[in-house]
Amino acid sequence: MKAFLHHYRFFFIGLIVFSIITISLFYSALKPAKTLPIYNPADVNPELVDSTVQYISKYHTIADFSFVNQNGKTITQKEYEGKIYVADFFFTTCGSICPKMTANLEEVQKAISNNPKVMLLSHTVFPETDSVPVLKQYAIKHHVNDSKWNLVTGDKKAIYTMARKSYLAVKLGKPSALYDMVHTENFVLVDQKRRVRGFYDGTNKEDVQRLIEDIAFLSEQ
């Protein structure tokens with residue numbers, strides 16, 4: 001038996017190698033290719049979407065915008081043209097979910113530091129208190145790279161409109177306060193064509209890692 005195995009050892013080795021390669025090829029062929037959905041208002045929890053756009057089921061894109069960042073610079077969609085980016089909503093005095101979200105966005109910033117295709121965009125939901133100097137101090141505290149990450153303030157109605165009509169990510173606040181919003185843990189992934197491609201819990205490390213992986217996937221498209 002030993003003599004037989006020794007005599008045909010190269011045949012058996014070849015057979016094993018062939019089997020491994022064949023199984024790997026079959027697995028690759030059967031394994032579904034990674035995809036990311038394209039979200040429209042009709043696909044999202046209605047609580048997060050303005051009633052005027054809830055019926056839209058296709059071709060939804062992020063609207064044009066104009067806000068002011070931590071350096072007093074006007075930021076529009078032009079700065080994000082052709083970019084993948086992550087959008088979120090916060091306020092600087094938040095003591096609940098925002099510190100964890102900002103810390104996790106710092107991790108995302110590290111992950112994309114050498115990727116010129118990707119940026120971050122954080123909107124304050126309390127523009128009446130989050131002035132440019134306040135945002136600047138917050139940016140310094142959280143190691144914001146000005147070339148990658150804009151913290152923006154502006155007209156409250158405009159921020160509200162972007163949150164609920166474009167990013168599909170923020171619940172209403174108190175009905176008694178016009179354009180009041182409840183800030184959300186959602187990070188929103190937007191692709192190069194201004195389409196919403198994912199929602200992630202910004203307080204959850206596993207979800208943030210999934211976001212980083214999805215950014216890498218979109219970057220290769």
Side-chain angles (χ1 to χ4, degrees), residues 47-50 52 61-81 83-113 116 118-190 194 196 199-203 208 211:
E47 291 184 0
L48 302 172
V49 183
D50 191 86
T52 61
T61 57
I62 304 302
D64 292 351
F65 57 85
S66 180
F67 299 114
V68 178
N69 78 353
Q70 66 269 22
N71 297 310
K73 178 184 176 182
T74 298
I75 299 297
T76 72
Q77 68 283 351
K78 292 292 185 182
E79 276 73 29
Y80 289 81
E81 189 171 351
K83 301 286 188 181
I84 298 161
Y85 71 96
V86 180
D88 79 315
F89 296 84
F90 79 111
F91 60 102
T92 60
T93 55
C94 165
S96 55
I97 62 174
C98 295
K100 186 175 289 187
M101 291 172 63
T102 302
N104 284 335
L105 266 188
E106 287 184 62
E107 293 303 310
V108 176
Q109 179 180 241
K110 290 177 186 176
I112 66 169
S113 60
V118 189
M119 296 179 68
L120 307 176
L121 180 60
S122 295
H123 311 72
T124 176
V125 298
F126 282 163
E128 59 269 35
T129 58
D130 285 340
S131 62
V132 169
V134 170
L135 289 180
K136 185 61 177 179
Q137 288 303 310
Y138 193 82
I140 293 170
K141 178 181 178 181
H142 293 285
H143 313 103
V144 168
N145 178 346
D146 291 340
S147 68
K148 301 291 285 184
W149 188 355
N150 289 295
L151 312 179
V152 295
T153 188
D155 178 71
K156 191 168 187 177
K157 180 180 178 181
I159 294 170
Y160 166 95
T161 299
M162 292 302 298
R164 292 185 51 79
K165 290 189 178 182
S166 280
Y167 295 109
L168 320 175
V170 178
K171 290 185 179 181
L172 287 170
K174 296 175 293 185
S176 58
L178 188 63
Y179 305 120
D180 189 44
M181 294 183 290
V182 175
H183 63 297
T184 173
E185 71 278 4
N186 281 327
F187 288 167
V188 183
L189 179 59
V190 180
R194 300 166 70 170
V196 176
F199 299 94
Y200 309 81
D201 183 342
T203 67
V208 172
L211 167 60

Would you give the length of the straight line joining atom NE2 of His123 to atom NZ of Lys156, rounded to the nearest 0.5 angstrom? 15.0 Å

Is it true that Tyr200 and Phe187 have ring centroids separated by less than 6.0 Å? no

Could you state the interatomic distance from OG1 (Thr153) to CG (Leu135), rounded to the nearest 0.5 Å? 5.5 Å

Salt bridge (charged side-chain N to carboxylate O under 4.0 Å, His left out) against Lys83, all qualifying residues, sequence neighbours excluded: none

Can you check whether Val86 reaches Val190 side chain to side chain, under 4.5 Å on heavy atoms? no

If the threshold is 4.0 Å, N to carboxylate O, is there a salt bridge linking Lys136 and Asp146? yes

Atom CG in Leu189, atom CG in Leu211: separation rounded to 0.5 Å? 6.0 Å

Is there a donor-acceptor contact under 3.5 Å from the side chain of Asp130 to the main chain of Thr92? yes

Under the ring-ring contact (aromatic ring centres under 6.0 Å, His included) test, which residues partner Tyr80, sequence neighbours left out? Tyr85

I'd like to check the salt bridge (charged side-chain N to carboxylate O under 4.0 Å, His left out) partners of Lys165; sequence neighbours left out, ordered by chain and number. none

At what distance, to the nearest 0.5 angstrom, does CH2 of Trp149 lie from CD1 of Ile112? 9.0 Å

Do other residues, nucleotides or ligands put more than 12 heavy atoms under 6.0 Å from Lys171 NZ? no

Would you say Met162 and Tyr167 make side-chain contact, with heavy atoms under 4.5 Å? yes

Would you please name every residue forming a salt bridge (charged side-chain N to carboxylate O under 4.0 Å, His left out) with Asp155, sequence neighbours left out? none

Consider side chain to side chain contact (heavy atoms under 4.5 Å, CB included). Of Ile159, Thr124, Leu121, Val188, which one does Phe89 pass it with? Ile159

Could you check if a side-chain atom of Ile75 sits within less than 4.5 angstrom of a side-chain atom of Ser66, using non-hydrogen atoms only? no

By side chain to side chain donor-acceptor pair (under 3.5 Å), Asp201 pairs with (sequence neighbours left out) Thr203

Table please: side-chain donor-acceptor pairs of residues 96-103 below 3.5 Å, with sequence neighbours left out.
from, atom 1, to, atom 2, distance (Å)
Thr102, OG1, Cys98, O, 3.0
Thr102, OG1, Tyr138, OH, 2.7

Answer yes or no: is there a donor N or O on one side and an acceptor on the other, between the side chain of Asn71 and the main chain of Lys73, under 3.5 Å? no

Taking Arg164 for the side chain and Val49 for the main chain, is one N or O donor matched with an acceptor at less than 3.5 Å? yes

